[in-house]
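Input: a single structure, listed below in structure tokens.
Here the structure is a predicted model, which is why all the values come from computation and not from measurement.
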Amino acid sequence: MVLRFLLEKEVKQLFRNPVMKGVLIFYTVMVLFFFPWTINQELKELNVTIVNTDQGQYARQLIGKIQGTPTIKIQNSYPNYTSALEDIESQRSLAIIVLPEDFSRNLERDRAVEVQVLINSVNGSQAGLAQSYITRLIQEYSSELRISNPQNIEIKPVYKYNSTLDYQFFMLPGLLVIMITMYSSIFPAMSIVTEKELGTLQQINVTPVKRSTFILSKIIPFWLIAMLAVSISVPIVYWVYGLVFQGNFLLYLFATLLFSVGLSFMGVILSNLSETIQQTMFLTLFFILIFFLVSGLFTPVNAMPLWGQAIAYANPLTYFIRINRMMYLRGAGFMEIYPDLIALVVFIVLFSTTAVLTHNKRKD
């Protein structure tokens, strides 16, 4: 009965707060319609410079193939390497393709040919993509030259789970985790600290309300908001981006609830350690940023050093991001994700116990 009245109070306060409502709506719009287009490691346009000292037909054919590739744009063509290097240094081009003067002659005589590719690797991710694009293009050209050879073997890769290799499909499940994290951690923490600043928390603390009941009343509304946000986001992602959810939606909601419960208790812990909203924001953003960077959101966990992997596996976001991508892209079932669900339950027990123990009614 007490919990019901407290929940009613929290819901009314939430809907009466225009700032909170605005932030919730604004952040949802940003995650669904802005972040997928900006947080993208795809290389939409690769600017290259050609160094060509060969006027033979095979060199012209390769340059024509490069020009006909939508993702590659020839910025300049020079007869010497020094001029081409200036394009790299001025960042007009990301790569230089050097065709030797005996390129066509060696191909006519069926000899081995070397094509030099120089790539600006200041941005390692872009450099890796540029190398992949150029290497694949040259290999395709080589296959076309040998198409009449009966021993020629053509490899046709088939990509499962993301057949278009669209980076948005990889990032969208992770971005939903960011949205749920913000709703489940920062907002509950701010709600409790606001009570401290207004002095209403002191009035509640002199009542017989239990610590666990008070904490639940502050965080349950945000569980519901997280569930509602997911329920709305899944059809929006399909309508806007064409990404179809492959798994069991009820199982996904259950996993979302576990994650939201754990993160909300973490927000309560941080609010218990803070006296002002500024302190709460600093603490939550400090931990959330670490969680985002060491969670597998942008880079695979198994590519991290051992100490980084240890931090990642002590991070609840790591498990939920893995659940999101497995269910969204692969249609994983309960037996595939149950280890990650167990990990989320462990975080709930750990965070909830700490939240109740650190909530000191006398101090407040």
Roughly how far, to the nearest 0.5 Å, is [atom2] of [Y] from [atom1] of [X]?
{"X": "S90", "Y": "L85", "atom1": "OG", "atom2": "CG", "value": "9.5 Å"}
{"X": "F334", "Y": "I337", "atom1": "CZ", "atom2": "CD1", "value": "7.5 Å"}
{"X": "I119", "Y": "S93", "atom1": "CD1", "atom2": "OG", "value": "12.0 Å"}
{"X": "L341", "Y": "Y338", "atom1": "CG", "atom2": "OH", "value": "10.5 Å"}
{"X": "I186", "Y": "L270", "atom1": "CD1", "atom2": "CG", "value": "9.5 Å"}
{"X": "M171", "Y": "L176", "atom1": "CE", "atom2": "CG", "value": "10.5 Å"}

Sole candidate of T49, N47, N120 that passes side chain to side chain donor-acceptor pair (under 3.5 Å) when paired with D87: T49
Single-linkage hydrophobic cluster F292~W307, side-chain heavy atoms < 4.5 angstrom: yes
Same cluster (ILVMFWY, side-chain, under 4.5 Å), I342 and M335: yes
Would you indicate whether the side-chain heavy atoms of [Y] and [X] approach each other to under 4.5 Å?
{"X": "F291", "Y": "I288", "result": "yes"}
{"X": "I63", "Y": "L99", "result": "yes"}
{"X": "I178", "Y": "L175", "result": "yes"}
{"X": "L46", "Y": "L94", "result": "yes"}
{"X": "V117", "Y": "Q131", "result": "no"}
{"X": "I88", "Y": "L118", "result": "no"}
{"X": "F320", "Y": "I180", "result": "yes"}
{"X": "Y78", "Y": "E86", "result": "no"}

Heavy-atom pair of closest approach, residues [X] and [Y]:
{"X": "L344", "Y": "A255", "result": "CD1-O, 4.0 Å"}
{"X": "V51", "Y": "A84", "result": "CG2-CB, 3.4 Å"}
{"X": "V301", "Y": "Q309", "result": "O-CG, 3.2 Å"}
{"X": "T354", "Y": "T358", "result": "O-OG1, 2.8 Å"}
{"X": "A312", "Y": "T318", "result": "O-OG1, 2.6 Å"}
{"X": "V177", "Y": "T181", "result": "O-OG1, 2.7 Å"}

Among V113, T53, N52, V98, the one residue meeting side chain to side chain contact (heavy atoms under 4.5 Å, CB included) with F103: V113
Neighbour count above 12 (heavy atom, 6.0 Å) for [X] [atom1]:
{"X": "F249", "atom1": "CZ", "answer": "yes"}
{"X": "E140", "atom1": "CD", "answer": "yes"}
{"X": "F287", "atom1": "CZ", "answer": "no"}

Identify all side-chain donor-acceptor contacts of residues 219-237 below 3.5 Å with residues at least two apart in sequence or on another chain.
residue : atom : partner : partner atom : Å
W223    : NE1  : S264    : OG           : 2.8
S231    : OG   : M227    : O            : 2.9
S233    : OG   : A229    : O            : 2.6

Output yes when a side-chain donor or acceptor of [X] lies under 3.5 Å from a complementary backbone atom of [Y], and no otherwise.
{"X": "T353", "Y": "L350", "result": "no"}
{"X": "Y58", "Y": "R105", "result": "no"}
{"X": "S271", "Y": "V268", "result": "yes"}
{"X": "N315", "Y": "I311", "result": "no"}

Remaining members of the apolar cluster that contains W239, side-chain heavy atoms under 4.5 Å: Y238, V244
What donor-acceptor contacts under 3.5 angstrom involve side-chain atoms of residues 323-333, with partners at least two apart or in another chain?
residue : atom : partner : partner atom : Å
N324    : OD1  : Y252    : OH           : 3.1
N324    : ND2  : P173    : O            : 2.7
N324    : ND2  : Y252    : OH           : 3.2
R325    : NE   : F170    : O            : 3.0
R325    : NH1  : G296    : O            : 2.9
R325    : NH2  : F170    : O            : 3.3
R325    : NH2  : L297    : O            : 2.9
R330    : NH2  : E336    : OE1          : 2.6

